[in-house]
Amino acid sequence: MTEMPILSFVIWLPIVGGLLVLADSQRENSNPRPLALAFAMVTFLVSLLLYSGFDTTTAEMQFQEKGSWISAFNVYYHLGVDGISVPLIILTTFTTVLVVLAGWEVIKNKPAQYLAAFLIMEGLMNGVFAALDAVLFYVFWEGMLIPMFLIIGIWGGPQRVYATIKFFLYTFLGSVFMLVALIYMYTQSGSFAILDFHVLKLGLTEQILIFLAFLLAFAVKVPMWPVHTWLPDAHVEAPTGGSVVLAAIMLKIGGYGFLRFSLPITPDASSHLDWLIILMSLVAVVYIGFVALVQQDMKKLIAYSSIAHMGFVTLGFFLVFTLMENNGSTAGAQMGIEGGMVQMVSHGFISAALFLCVGVLYDRMHSRQIADYGGVVNTMPVFGGLMVFFAMANSGLPGTSGFVGEFLVVLASFKANVWFAFLAATTLILGAAYSLWLVKRVVFGDIGNHNVAKLQDINNRELVILGSLAFVVLLFGIWPAPLVEVMQASIENLVAHVAISKL
Amino acid sequence: MTLDPGQFVLLMPEIFVLTMACVILVVDLFLSKKERVISYWLTQITVVIAAVLTIAVSNGETELLFFGTFIADPMAAALKVFIYIVVGLAFLYSRHYLALRGLFKGEFYVLGLFAMLGTMVLVSAHSLLTVYLGLELLSLSLYALVAFNRDTYSCSEAAMKYFVLGALSSGMLLYGMSILYGLTGTLDIDLMGQILAQQETHVGLVFAVSFIVVGVSFKLGAVPFHMWLPDVYQGAPTPVTLYISSASKIAAFAMVMRLLVESVGSLQPQWEGMLIVLAVLSLAIGNVVAIAQTNLKRMLAYSTISHIGFLLLGVLSGTQAGYAAAMFYVITYALMAAGAFGMIILLSRAGFEADEISDFKGLNQRNSWFALMMLILMFSMAGVPPTVGFYAKLSVLQAVINVDMVWLAAVAVFFAVIGAFYYIRLVKVMYFDDAEDKEPLEPHFDLRFGLTANGLAVLLLGLFPGSLMALCHQVMS
């Protein structure tokens, strides 16, 4: 505990940075961009210390910080990370750097407020991943809504007000019932510590109610079918940076919630109701995959593809019970969860990249309609190549990170039930279909119209953004070991934990 | 029984406020229009000194004064201090508002001080008579204040409604009190509580409790006794609305504590059911009807009704934690309401009230700092962390869940989500719409200072709610 409080740094540094950017904007002729970039970069570098200093042999919470916060309710400022949260924190800090860069020239309306909102978002999201106290978690979780509400509402597209209010109310509705569940567990255990909730004995009915409350909160965030309808609206109307943060990180918070709350706190209810989640996930994979196929709007297409990919994540998480039943032991049962985690991180990179690609096109043409493009590769060869690469990664091409997660989940579902595997594997066809068809219509072919003919290829700034994403997508595709190693111990511990009934 | 002169020491704040109110009334007679600001400053100084006196004489112990009619306990001291704060804010915000409308008169401050004295008496009441005395002193001053802009139609109408319905509710309350007196033979709150605890519950007692609940609900504005609230809020001058929604709500909470909890506390199973109905109805009607409002003062009136629903949830749980939660709720609500009405005052000009929701359009373009303050206040009212409104809801929900009424908590959060809609709609208007009103916003220094402090207090209490929460728990145990 004598070391540097790294977790507090990655939470508060961007928040302070955001406030400084706001304060600085009061000056005349101030340029908020370098300052915001500096804070985002430093936070990213600090968050790398979490990786380098991380002990992969233990599932214990690391880098813990604890101080009393609200003594009347036994609430502590308690932070800590394990192998599940570290990759997500680094994903957050990395993505924020890209978002700041992506808005560099494009955002002309109140740039300081825009950048500040993203920096504050970053801090709050890191807080969600690092909080070990339920109230602290909830504060970060809900606090996130405020900057996102403003980001979509101020810098979004024409339907932004409808989209942002829908987004806010949907997610707010989802989370308040989780709050009731958290308070209920406090009255049972006398503590708000998440790790105490993990070992709290609960009856089956209680567990099912708590599980459903959590499900509502996390399913809305993920989002799972049928509560996914806010996402396409929010994505389409959000500015590029907003879409990137939504897709790359906010959706992962739902998945993280399942791993940190639902599975360990209510293992028996999860095992009872795993069919429900598996069903919802498979519907998301198959049905939403078809829906993505018919989209006319590029951002909507990617948004639906995100829902389908997140269906893979939840599918992987909740296969664990069937796997344990089939194997008779916990050995091998972690494959689904591991696949889901890898898929989350990889989808974070790929969806961010695809939204940034759309952003690049949108900045030039001010249209997201697929029909307005065609033959972009002729005028933007470098960009065309990158976009094709990311589309391939999105459809799970071996050698990209998209493949690793999907492969692990399909393999796990094959071991669980052939039919699950069959339905899940349709994504390999559907995902390829909508991704490649998108690329065919936008990038390839003859030059669609005279606007496309006038397009300029990406500049260095955009090349850096997309290039760095391409690098990590390839890196984790070819060599996923560093990612898997970090989470190994924690996932094994999680599986061992959920295998023990609380009844 | 003799009267110990030492008792007067504990009564110093009340004596001082009464004296100063009379002094200001007289002094004001000799002031010319230009010197009227002296009355204002004397009033503010009175509030500050009253706060100092209250803190100085409170010793953390419970003492009964004047043959048990008056009580000085930690809860009373704490509530009084917060009353001073919101009354001080109300006066601060009112100054330029009144001056612009030709209403900057000494009577406003004198009546305001008398109303404050009424709340102080109510907070410290330990006999049914003292309760009634404080209540009427508060109410009568407020009736006059509501009608302060007497030449306008809406003010007079609001005052009339307030008076008639207020008198009716006082009648109900008195009726309940008289039955209680008849059944127990005492007006002393503690003694009554002891006598009732030994008695079997019978229909006469329940009858009396019903009337007390009705009377209290009228003052709080709980559904179905809320009819006066939107009209009065809309019709009254904004600083008076601020006063009613903040200081008088704190006093009404004290009245609930003294009447329902301390005197007829043994009938908690009886009034718990009534309060559940009132609370759920308030949450439902307040939140749903607020959505339909276009006038901000009216919307905030309905939002008050829904907040009263939450407050009642804390009270009806019947535990120390529940009372502490309700106290935390009412204090933080008073702060938020003061800020929200303060914002309406900030945007108003001579001949322009700025009380329509559309008047807030594009506030972020006109003045991003105050848009931020209003954003904090609105998210706090909606109960979104990291603002203090979240912890108020958290502690109330915790109290309710603790007595195994999880369903009630689920109902409450469900309506909180509906409520969030109209709060964020105001944020939408401020941040996403373009300004129609191009008039530059240059508020006076005191308004700027007050509102900044008010908004930041809501945020800072949200980041560090521990000490206020500990205080509420401490005074309730």
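Chain letters run A, B, ... following the sequence lines, proteins first, then strands; residues in each count from 1. Keep in mind the model is a prediction, meaning the values are calculated, not measured.
- No part of A:Gln188 comes within reach of chain B, as not one of its non-hydrogen atoms sits under 4.5 angstrom from that chain.
- Proximity to chain A involves both the backbone and the side chain of B:Ser395, based on heavy atoms less than 4.5 angstrom apart.
- Using bins of under 30°, 30° to 60° and over 60° for the plane-to-plane angle, the ring pair A:Phe168/B:Phe379 lands in the tilted bin.
- Here the OH atom belonging to A:Tyr186 is positioned 9.0 Å from the CG atom belonging to B:Leu394, to the nearest 0.5 angstrom.
- Between A:Val176 and B:Lys393 the shortest side-chain heavy-atom distance does not fall below 4.5 Å.
- Interface check for chain A: of the options B:His473, B:Gln474, B:Gln365, the most heavy-atom pairs under 4.5 Å are formed by B:His473.
- Formation of a donor-acceptor pair under 3.5 Å by the A:Trp69 side chain with backbone atoms of B:Leu463 is found in this model.
- Scanning residues 406-428 of chain B against chain A with a 4.5 Å heavy-atom cutoff picks out B:Val406, B:Ala409, B:Ala410, B:Val413, B:Phe414, B:Ala416, B:Val417, B:Ala420, B:Phe421, B:Ile424, B:Val427, B:Lys428, ordered by number.
- Sorted by first then second residue, the ring pair (Phe, Tyr, Trp, His ring centres under 6.0 Å) pairs that include residues 357-376 of chain B, not counting sequence neighbours, number zero.
- With a 4.5 Å cut-off on non-hydrogen atoms, B:Phe432 touches chain A through its backbone and its side chain both.
- Neither the backbone nor the side chain of A:Ser175 comes within contact range of chain B; no heavy atom of the residue lies under 4.5 Å from a heavy atom of that chain.
- The OG1 atom of A:Thr187 lies 6.5 Å from the CD1 atom of B:Ile401; values are rounded to the nearest 0.5 Å.
- A distance of 10.5 Å separates CG of A:Leu179 from CD of B:Gln398, quoted to the nearest 0.5 Å.
- Within the 4.5 angstrom heavy-atom criterion, atoms from both the backbone and the side chain of A:Phe172 approach chain B.
- Applying a 4.5 Å heavy-atom cutoff, none of the residues of residues 122-133 of chain A approach chain B.
- Surrounding OH of A:Tyr170 are more than 12 heavy atoms belonging to other residues, nucleotides or ligands, all under 6.0 Å away.
- Scanning residues 140-155 of chain A against chain B with a 4.5 Å non-hydrogen threshold yields A:Glu142, A:Gly143, A:Ile146, A:Phe149, A:Leu150, A:Gly153, A:Ile154, sorted by number.
- Expressed to the nearest 0.5 Å, how far CG of B:Leu397 lies from OH of A:Tyr184 amounts to 15.0 Å.
- Atom OH in B:Tyr431 sits 9.0 Å away from atom NZ in A:Lys110 (nearest 0.5 Å).
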